[in-house]
Q: 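One structure, pasted below without further comment.
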Protein chains: 2
Amino acid sequence: MTAFTATVTVRLKRGVLDPEAETTQRSLERLGFELADLRSADVFELDLDAEDAEDAADRAEEMAERLLANPTIHDYDVAVAEQ
Amino acid sequence: MTAFTATVTVRLKRGVLDPEAETTQRSLERLGFELADLRSADVFELDLDAEDAEDAADRAEEMAERLLANPTIHDYDVAVAEQ
């Protein structure tokens with residue numbers, strides 16, 4: 001078994017309203033910054049032991065499907081790196 | 001001017017308690033997943049026009065310093081890519 005870190009990034013699907021991102025963008029603009037757009041995402045870094053990177057990615061994807069992301073409103077991607 | 005996307009990742013500093021991550025880890029373990037650790041982070045993807053990648057990174061860093069991160073409890077990093 002090898003120690004991997006799987007990084008799961010959970011984003012709102014295009015078209016889903018993101019009031020937090022809108023507020024953040026407006027606050028930055030009020031501070032004088034110019035922005036074309038701002039999107040927010042949640043990242044989960046999972047340390048886990050797995051046979052290989054594929055096994056680690058499969059398990060991280062299952063965790064995303066079952067708990068970390070809500071498939072109705074979220075897209076997610078998984079990246080795996082050996083520790 | 002070129003369009004860039006700056007990705008600002010904001011993490012809690014080591015040692016700062018993260019009850020949301022702990023709860024998420026425990027929920028995953030209750031579902032049968034084995035994890036050594038789970039850390040959460042916030043990501044902001046900023047679309048902005050800048051002279052070059054260095055200029056875009058400088059501005060994203062200033063936004064992190066002034067609003068996106070709280071330097072008392074957060075570390076952040078900035079990655080820039082051309083759109």
Side-chain angles (χ1 to χ4, degrees), chain A residues 1-12 14 18 20-51 55-70 74-77 79 81-83, chain B residues 1-12 14 18 20-51 55-70 74-77 79 81-83:
Chain A
M1 302 285 266
T2 316
F4 291 92
T5 298
T7 303
V8 180
T9 305
V10 179
R11 289 182 180 78
L12 286 169
R14 199 166 289 276
D18 187 350
E20 186 192 333
E22 274 172 43
T23 306
T24 307
Q25 180 171 352
R26 271 205 302 276
S27 303
L28 285 168
E29 286 165 349
R30 221 171 292 126
L31 289 171
F33 294 105
E34 277 173 41
L35 283 173
D37 193 25
L38 183 152
R39 295 171 298 284
S40 66
D42 288 321
V43 170
F44 300 94
E45 294 173 351
L46 316 168
D47 292 342
L48 43 84
D49 292 323
E51 289 301 333
D55 177 30
D58 285 351
R59 281 168 50 202
E61 242 173 77
E62 208 189 324
M63 292 186 231
E65 293 278 349
R66 293 196 55 190
L67 187 86
L68 304 176
N70 174 347
H74 290 139
D75 285 326
Y76 66 86
D77 58 63
E82 215 173 306
Q83 277 176 34
Chain B
M1 302 287 266
T2 317
F4 290 92
T5 298
T7 304
V8 180
T9 305
V10 178
R11 288 183 181 79
L12 286 169
R14 199 166 289 277
D18 187 348
E20 185 191 335
E22 274 171 46
T23 306
T24 307
Q25 179 171 353
R26 269 204 303 275
S27 303
L28 285 169
E29 286 166 349
R30 220 171 294 125
L31 288 171
F33 294 106
E34 277 172 41
L35 284 171
D37 193 24
L38 182 151
R39 294 171 300 281
S40 65
D42 288 322
V43 170
F44 300 94
E45 293 173 352
L46 315 168
D47 292 342
L48 41 85
D49 292 323
E51 290 301 333
D55 178 30
D58 284 352
R59 281 168 51 203
E61 243 173 75
E62 208 189 325
M63 292 187 231
E65 293 277 349
R66 292 196 56 191
L67 187 86
L68 304 175
N70 173 348
H74 290 140
D75 286 325
Y76 66 87
D77 57 63
E82 213 173 307
Q83 275 175 34

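Just so it is clear, the structure is predicted and the values come from calculations on it, not from any experiment. For the numbers below, each heavy atom of this structure counts, side chains included, while hydrogens, waters and symmetry mates do not. A note on names: the letters A, B, ... follow the listed sequences, proteins ahead of strands, and every chain is numbered from 1.
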Q: With a 4.5 angstrom heavy-atom cut-off, is it the side chain or the backbone of A:Leu46 that approaches chain B, or both, or neither?
A: both
Q: Given that the side chain runs from C-beta out, which part of B:Thr5 has a heavy atom under 4.5 Å from chain A: side chain, backbone, both or neither?
A: side chain
Q: Which residues in residues 57-64 of chain A have any heavy atom closer than 4.5 Å to a heavy atom of chain B?
A: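 Those residues of residues 57-64 of chain A which have a heavy atom under 4.5 Å from chain B are A:Arg59, A:Glu62, A:Met63.
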Q: Tell me the closest heavy-atom pair linking A:Glu34 and B:Leu48, and the distance in Å.
A: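 That closest heavy-atom pairing would be O-CB, 4.0 Å.
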Q: Verify the neighbour count for atom CD of A:Glu29: are there more than 12 heavy atoms of other residues, nucleotides or ligands below 6.0 Å?
A: yes
Q: Considering only distance and modelled atom types, tabulate donor-acceptor pairs under 3.5 Å from the side chains of residues 37-45 of chain B, sequence neighbours left out.
A:
from, atom 1, to, atom 2, distance (Å)
B:Asp37, OD2, B:Arg39, NH1, 3.1
B:Arg39, NE, A:Glu45, OE1, 3.1
B:Arg39, NH1, A:Asp47, OD2, 2.8
B:Arg39, NH2, A:Asp47, OD1, 3.2
B:Ser40, OG, B:Asp18, OD2, 2.9
B:Glu45, OE1, A:Arg39, NE, 3.1
B:Glu45, OE2, A:Arg11, NE, 3.2
B:Glu45, OE2, A:Arg11, NH2, 2.8

